[in-house]
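Just so you know, residue 1 is the first one in the sequence shown, and it goes up from there. Everything numeric in this text was worked out from a predicted model, so none of it was measured.
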Amino acid sequence: MSEKEQNFTGKKSTRRNFLKNSGLTLGGLVLGGAVTSLVVKNNDESITTSAPLHSENNHEAVNYNKALMFFTPEQYSTIAAATEQIFPKTEVGPGAEELLVPYFIDHQLAGSYGLMSKEYTKGPFYPNEATPLFGHQSHLTRQDVFVLGIKLLNSEATKRFEKKFYELEAEQQIEILTAVEADEVELKATITPSYFFKLLRSATLEGVYSDPLYGGNKDMAGWKMKKFPGHQMSYANMVEKEEFVEIEPQSLNAQHNH
């Protein structure tokens, strides 16, 4: 073997040893430190996973939409409690929290919806004079409105019941939400309490009935309660039928099945 070939072989061996000894290889890929805790070496130095990510006893795969992008954990808990009262679980179907509506709202607020980056937001503002035709009359973004609204719910809960909003009984939460909707509480801001409630209610319903692509409407359960078919390729074979035709709903990801 020539000196050049020996040097080349030595370099490859050194790199292999580094990757193997640092525990960063798995299936030929270089992975981050978070994965290394899941791998162990057998006696023959082959790499295997210490536990499967999905076992036979695990009925639900990991849902990566269940991650916060904007809310703090306490803010999330407050919104989860409020949305559940706006759209509660009944005998008909799941409520907002089970449908992952709080995560839907969180993810929307983290983007252009929350920042209002696609809307005209410059002054002057005339909150007491402009009609609803003129739209939002404040410098506050939706992110700001939700943060203020969450503080309002918790401060009102503390004032009335000496607890955080998400710690209250359902009847107490409804009492506060009703007062917020009717502007019977004080909010020191350029918006009214009822404005926050309307925004929260609208976002809740959007999370219930939007495509699961956006993080809510888990398992299309919101659509199933309304017998809404979702995104179908065609209705040609049933459009002229006089009786109601119930169709299994499809999300936007159904395009991969055709």
Side-chain angles (χ1 to χ4, degrees), residues 57-110 113-114 142 145-147 149-154 156-158 160-161 163-182 185 193-194 196-231 244 246-254:
N57 297 325
N58 186 8
H59 299 293
E60 182 180 359
V62 176
N63 189 329
Y64 295 101
N65 278 323
K66 297 174 71 172
L68 296 179
M69 300 171 65
F70 176 73
F71 291 137
T72 66
E74 182 173 84
Q75 289 172 334
Y76 169 84
S77 297
T78 303
I79 286 297
T83 56
E84 187 67 21
Q85 298 309 328
I86 293 173
F87 197 92
K89 181 178 181 177
T90 67
E91 66 279 358
V92 177
E97 194 166 2
E98 191 174 341
L99 289 167
L100 303 186
V101 169
Y103 287 107
F104 166 84
I105 296 175
D106 171 82
H107 297 176
Q108 292 299 306
L109 287 174
Y113 168 85
R142 293 189 184 92
V145 173
F146 268 87
V147 169
I150 290 169
K151 287 182 178 178
L152 175 64
L153 293 178
N154 283 320
E156 196 65 25
T158 302
R160 298 188 185 205
F161 305 107
K163 291 182 178 180
K164 295 291 187 180
F165 182 83
Y166 53 86
E167 297 173 332
L168 300 179
E169 299 295 329
E171 294 76 11
Q172 297 170 327
Q173 292 174 347
I174 291 172
E175 176 185 321
I176 292 176
L177 288 171
T178 302
V180 170
E181 182 183 18
V185 296
S194 60
F196 162 67
F197 180 84
K198 290 175 184 176
L199 193 61
L200 174 61
R201 181 180 182 276
S202 175
T204 298
L205 295 178
E206 288 169 10
V208 170
Y209 297 118
S210 65
D211 192 281
L213 162 71
Y214 300 102
N217 190 14
K218 182 176 181 290
D219 298 328
M220 298 180 285
W223 289 349
K224 291 174 183 177
M225 285 187 279
K226 289 286 188 180
K227 301 187 186 304
F228 177 67
H231 303 277
F244 178 77
E246 188 169 344
I247 309 171
E248 187 69 21
Q250 290 190 130
S251 176
L252 278 170
N253 72 343

**OP:** Of all the heavy-atom pairs spanning V101 and G207, show the shortest one and how long it is.
**Re:** CG2-C, 3.7 Å

Original post:
By side-chain hydrogen bond (donor to acceptor under 3.5 Å, both in side chains), which residues pair with D211, not counting sequence neighbours?
Top reply: H231, S251

**OP:** Using ring-ring contact (aromatic ring centres under 6.0 Å, His included) as the criterion, list what pairs up with F197, not counting sequence neighbours.
**Re:** none

**OP:** Please examine the side chains of F161 and E169, heavy atoms only from C-beta on, and report whether any two atoms are closer than 4.5 Å.
**Re:** no

Subject >> Contacts of F104 that satisfy ring-ring contact (aromatic ring centres under 6.0 Å, His included) - sequence neighbours left out >> reply: none

Original post:
Is a side-chain N or O of H107 found less than 3.5 angstrom from the main chain of P102, in a donor-acceptor match?
Top reply: no

Original post:
So F87 and L99, side chain to side chain contact (heavy atoms under 4.5 Å, CB included) or not? Walk me through it.
Top reply: CA-CA 10 Å; F87 197 92; L99 289 167; 4.0 Å; yes

Original post:
Residues in side-chain contact (heavy atoms from CB on, under 4.5 Å) with S194, at least two apart?
Top reply: D183, T192

Subject >> Results of salt bridge (Lys or Arg N to Asp or Glu O under 4.0 Å) for E171 - residues two or more places apart only >> reply: none

Original post:
side-chain hydrogen bond (donor to acceptor under 3.5 Å, both in side chains) with E175: which residues, sequence neighbours excluded?
Top reply: R160

Original post:
Is atom CZ of F70 surrounded by more than 12 heavy atoms (other residues, nucleotides or ligands) closer than 6.0 Å?
Top reply: yes

Original post:
Would you say P94 and K218 make side-chain contact, with heavy atoms under 4.5 Å?
Top reply: no

Original post:
Quick one: side-chain hydrogen bond (donor to acceptor under 3.5 Å, both in side chains) partners of Q85, sequence neighbours excluded?
Top reply: Q173

**OP:** With sequence neighbours excluded, tell me which residues meet ring-ring contact (aromatic ring centres under 6.0 Å, His included) with Y76.
**Re:** Y103

**OP:** State the CD1-CD distance between I150 and Q75, to the nearest 0.5 angstrom.
**Re:** 4.5 Å

**OP:** Identify, with sequence neighbours excluded, every residue that meets ring-ring contact (aromatic ring centres under 6.0 Å, His included) alongside F228.
**Re:** W223

Subject >> Sub-4.5 Å side-chain heavy-atom contact between E167 and K164 >> reply: yes

**OP:** Compare every heavy atom of N154 with every heavy atom of F165, then report the nearest pair and how far apart it is.
**Re:** N-OD1, 2.9 Å

**OP:** Say whether, by atom type as modelled, one donor and one acceptor occur between the side chain of N217 and the main chain of G222 under 3.5 angstrom.
**Re:** yes

Original post:
Can you check whether I105 reaches F71 side chain to side chain, under 4.5 Å on heavy atoms?
Top reply: yes

Subject >> Distance (rounded to the nearest 0.5 Å) between L177 CG and E156 CD >> reply: 11.0 Å

Subject >> Audit row: L200, V145, side chain to side chain contact (heavy atoms under 4.5 Å, CB included) steps and yes/no >> reply: CA-CA 10 Å; L200 174 61; V145 173; over 6 Å; no

Original post:
Pick one: which of L152, L153, I176 meets side-chain contact (heavy atoms from CB on, under 4.5 Å) with V185?
Top reply: L152

**OP:** With sequence neighbours left out, write down each residue that passes side-chain hydrogen bond (donor to acceptor under 3.5 Å, both in side chains) with Q108, or none if nothing qualifies.
**Re:** none

**OP:** Would you list the pairs meeting salt bridge (charged side-chain N to carboxylate O under 4.0 Å, His left out) in which at least one residue belongs to residues 82-104, sequence neighbours left out?
**Re:** K89-E98

Original post:
Does a side-chain heavy-atom distance below 4.5 Å link T158 with K163?
Top reply: no

Original post:
Any side-chain heavy atom of R142 sitting closer than 4.5 Å to one from L109?
Top reply: yes

Original post:
Is the backbone of A221 close enough, under 3.5 Å, to the side chain of D219 for a donor and an acceptor to pair up by distance?
Top reply: no

Original post:
Would you call L199 and F146 a side-chain contact if the rule is heavy atoms closer than 4.5 Å?
Top reply: yes

**OP:** List for me each residue that meets side-chain contact (heavy atoms from CB on, under 4.5 Å) alongside S202, sequence neighbours excluded, and say none if there are none.
**Re:** E206

